[in-house]
Amino acid sequence: MQREDDDRKAESAHVPALPTLRAQQRDIRSRLRTGFQSRHELLVWSHVAAAISVGRVPDGWFSDLINDQWTVAACLDSHAKRERLCGDTAPSPSEARTERTRIIQDVLSPAFQKAVDVIRAQSNDFTDDQDGVRHTDRQRFIAMRPRLHQRVVDQHRALRTPFGEGVRSQADAVEWADEVAYAASGHLPRDFTSRVCNPMSQWWTALANEQTTVLDSMLAEDVLPAWNSALRTASSNAEELPSGRVASSSGGNIS
Amino acid sequence: MLEVVQDPEYLYEWLAGLEATSIDQTREVKNDKRRHSIGENLVRHMEMTPFPDLLERLERTPDPVEGTPPHSALRHPRAMLDAIVHTSDMDGFRLDFEDFSGLSDARRGVFEYLTDPETSVDDSDLETTGGSDALIHGPMGRGKTTSVSTFIARWMEVNGEAVVWRGTPQRTEWLPFAPWAVVCLPEGIEYKVQLAPPEDGSGFADTDFEPIEVDLEDIVWRVERYSDLDDLNNNVLMSGAFHVVYPDPKFRGCERITREASECPPLEYTSVWESERRRHDPELDDEEATPTSHWWFSWLVHHNVNEQRSMRTTWVCDEASNLFKHHASNDNGGLSTKIDAVSQQYVDFRRNGLSFVLLTQKPREISWMIRKKMRWGVTLSGTDNPTGSDEIIGVRPPMSTEMTSTWKLGRGLFWTSGQYTEFGWDDLPRRYKVPGKLRIISPEVRRVSAK
């Protein structure tokens, strides 16, 4: 009876952890192979890829991806769209496939492998069961880390805001910038909010006029790298300590 | 010099001269929220950094593995910070509305840190509401007492909670905190207080000094008497203060409490007087006297029964394996049943704001019934930290390699499910480290027991 209860509880609240992470990684690769409708969709996908890699993609990758017309074109889902973006120099279907494969090989695979290694090292030690360790193979948070999961949710919300109802006023801009900074857990410059809200700034102009392309570009340049670092920090759980065995240091004095 | 520290008269003068300056001006004594707390007073005298400043320092301290700030104590906040900062449901509202009025400077500073978006730890990172626990283990001489003293000062400073140290006749490791100590003794029992200098150890018996009798009131902040469990927990224990409680050999209120508690077997107690009476009364069966230390089981259960007062309390139990014996049987005063009872009540302790701190040299000598309920482990240097599937407490140790055995004195590892962090602490200021022992003994109990 107890066992039945346990099983039921596990099924209702949890999904398998490492297999789920791998499935999510497969899905990310498959999305890239299929192609995207727009540059903005590519940007949102790159953020999800960063989350699934628990922040292990290179910080500079977002800008390389989004701010290079040819690469963006290679990731779009139709040749007509590629031509609209790059004209005569648009990548051919075969060039587009090659470029996407390169992204998978050079960027995603190493990052995803690192993420799996990091998680596998101590996968049994993460649980959201408050009463001790049970169902260690079933978890409901990304990479079994509730804190990381929460950061991703915060980031995703902040990423959607300027493209949905938009940022209509200075007050909206302050709120949005604070959300972005909060989701970056201290990895953005301290003056980020004041930069965004300065009416003379490129940020403010892009936000107020809903210039999607400019916003995508700036998010990839400034914000996504900071979020990626924040995810890395949030996921750098105990598993990172054993890999570099902690010698007796003098830090962390609580006196 | 050695002869001086072995002179009990000199030690008495030393102890009596120690002062907790301005303790009578604190917010708890004056009932004035604008004043410093007893915990803040203690931290200042122990020359410790105020906790909000410590958090700032940890933000700038490089992580031992990553090599960049912040320190692992903040990167993995559930490992240690969650066990130090105790919050209630009310604190949840304070944090939501960022209204910290009425809190002590230290607690307000911690809450401001947690709500500051630019700091590494968010209040949602601290997942525990109510009390916490810690099983502190390490070999003799590796700083169990000084580390727990540091934690006690932090619990008092940050949480403004009552700390209760389990008083025993022979051990007075709490002596550095004597000027802050409220010693609670059972009413109607006579006590003899002796100060014994440290043993010479040179092998020459004539260099040893005899213990002298001293007045407890000269040494500690306050001496209080309690009539029973209700009186102790509702009237005597003081929020924010450090207490050393000596158990009542008459077990007043102990059986009644366990009958009132839900999901708790009725615990039985026989005092030495009752046992003596039965021995001389042919009408009555003989009953072995219950060891006085068993009083603590009912004291713990009282926290889940008490409807009059709910006060955040941390209980510190030195030499925990003496109380929660691993292979306890029911031959000796129903010890096994009592340990089971506490184990069953354990989850509610946390909910009722009672934190549970056990100190031991060997964790496996403590009953698994208790250990399996605990969520935080503290491994001090000089012993192997548990790894992988080691069953030390109720969560699996997240460490995959052994680290602590070669660490320096004054270093340790605080760990819980999935997270751990190194930490360190300084020795207590020299003047508070009075050598020797204070023995608080009831001659009457000894006399009756001896019969």
Side-chain angles (χ1 to χ4, degrees), chain A residues 119 121-134 136 139 141 143-151 154 177-190 192-193 229-230 232-255, chain B residues 46-49 54 57-58 61-66 70-73 75-80 84 117-120 122 124-125 127 150-151 153-154 347 372-373 375 381 388 394-401 403-404 406-408 410-411 413 415 417-427:
Chain A
I119 303 307
Q122 302 234 338
S123 60
N124 281 349
D125 294 316
F126 295 86
T127 174
D128 56 340
D129 191 328
Q130 289 293 308
D131 294 327
V133 180
R134 294 154 69 197
T136 48
Q139 287 286 315
F141 303 112
M144 294 167 284
R145 284 164 179 74
R147 190 178 170 201
L148 171 76
H149 189 93
Q150 191 54 46
R151 283 287 172 277
D154 294 340
D178 276 344
E179 260 183 53
V180 169
Y182 175 72
S185 310
H187 289 271
L188 270 172
R190 283 177 182 241
F192 179 74
T193 303
S229 307
R232 210 162 41 241
T233 308
S235 75
S236 68
N237 223 314
E239 84 285 342
E240 292 196 346
L241 293 172
S243 61
R245 180 187 156 90
V246 184
S248 189
S249 73
S250 55
N253 190 320
I254 57 158
S255 290
Chain B
M46 291 297 139
E47 298 169 12
M48 291 163 65
T49 309
L54 171 67
R57 193 170 75 200
L58 291 171
T61 306
D63 181 87
V65 169
E66 299 266 322
H71 187 262
S72 59
R75 284 172 190 256
H76 314 304
R78 283 194 299 111
M80 180 167 73
I84 291 180
E118 299 208 340
T119 56
S120 304
D122 184 70
S124 63
D125 293 326
E127 294 171 0
T150 307
F151 284 121
R154 290 305 184 199
V347 175
K372 74 177 179 184
K373 301 283 182 175
R375 289 164 64 201
S381 66
V395 297
R396 275 186 62 168
M399 297 76 74
S400 62
T401 52
M403 290 173 274
T404 47
T406 54
W407 284 4
K408 298 181 291 203
R411 308 289 307 164
L413 203 60
W415 52 275
S417 168
Q419 295 199 351
Y420 64 88
T421 179
E422 59 151 17
F423 72 97
W425 68 95
D426 292 337
D427 204 356

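We use all heavy atoms of the structure for the numbers below, so side chains are in, but hydrogens, waters and symmetry mates are not. By convention in this document, chain letters (A, B, ...) are assigned in the order of the sequence lines, proteins followed by strands, and residues within each chain are numbered from 1.
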Quick one: what part of [X] sits under 4.5 Å from any heavy atom of chain A, side chain, backbone, both or neither?
{"X": "B/M46", "result": "neither"}
{"X": "B/D125", "result": "side chain"}
{"X": "B/S120", "result": "backbone"}

Can a donor-acceptor pair be found, under 3.5 Å and without considering hydrogens, that links the side chain of A/S255 to the backbone of B/W425? no
Ignoring hydrogens and angles, tell me if any N or O in the side chain of B/R411 forms a donor-acceptor pair with the backbone of A/G251 under 3.5 Å. yes
Value rounded to 0.5 Å, distance of CG in B/L54 from CG in A/N253: 8.0 Å
Note, B/M48 side chain near A/I254 side chain (heavy atom, < 4.5 Å): no
When only pairs under 4.5 Å are counted, which of B/I84, B/T49, B/T119 shares the most heavy-atom pairs with chain A? B/T49
Going through the distances and angles, do A/R151 and B/D122 end up as a side-chain contact (heavy atoms from CB on, under 4.5 Å)? CA-CA 11 Å; A/R151 283 287 172 277; B/D122 184 70; 4.3 Å; yes
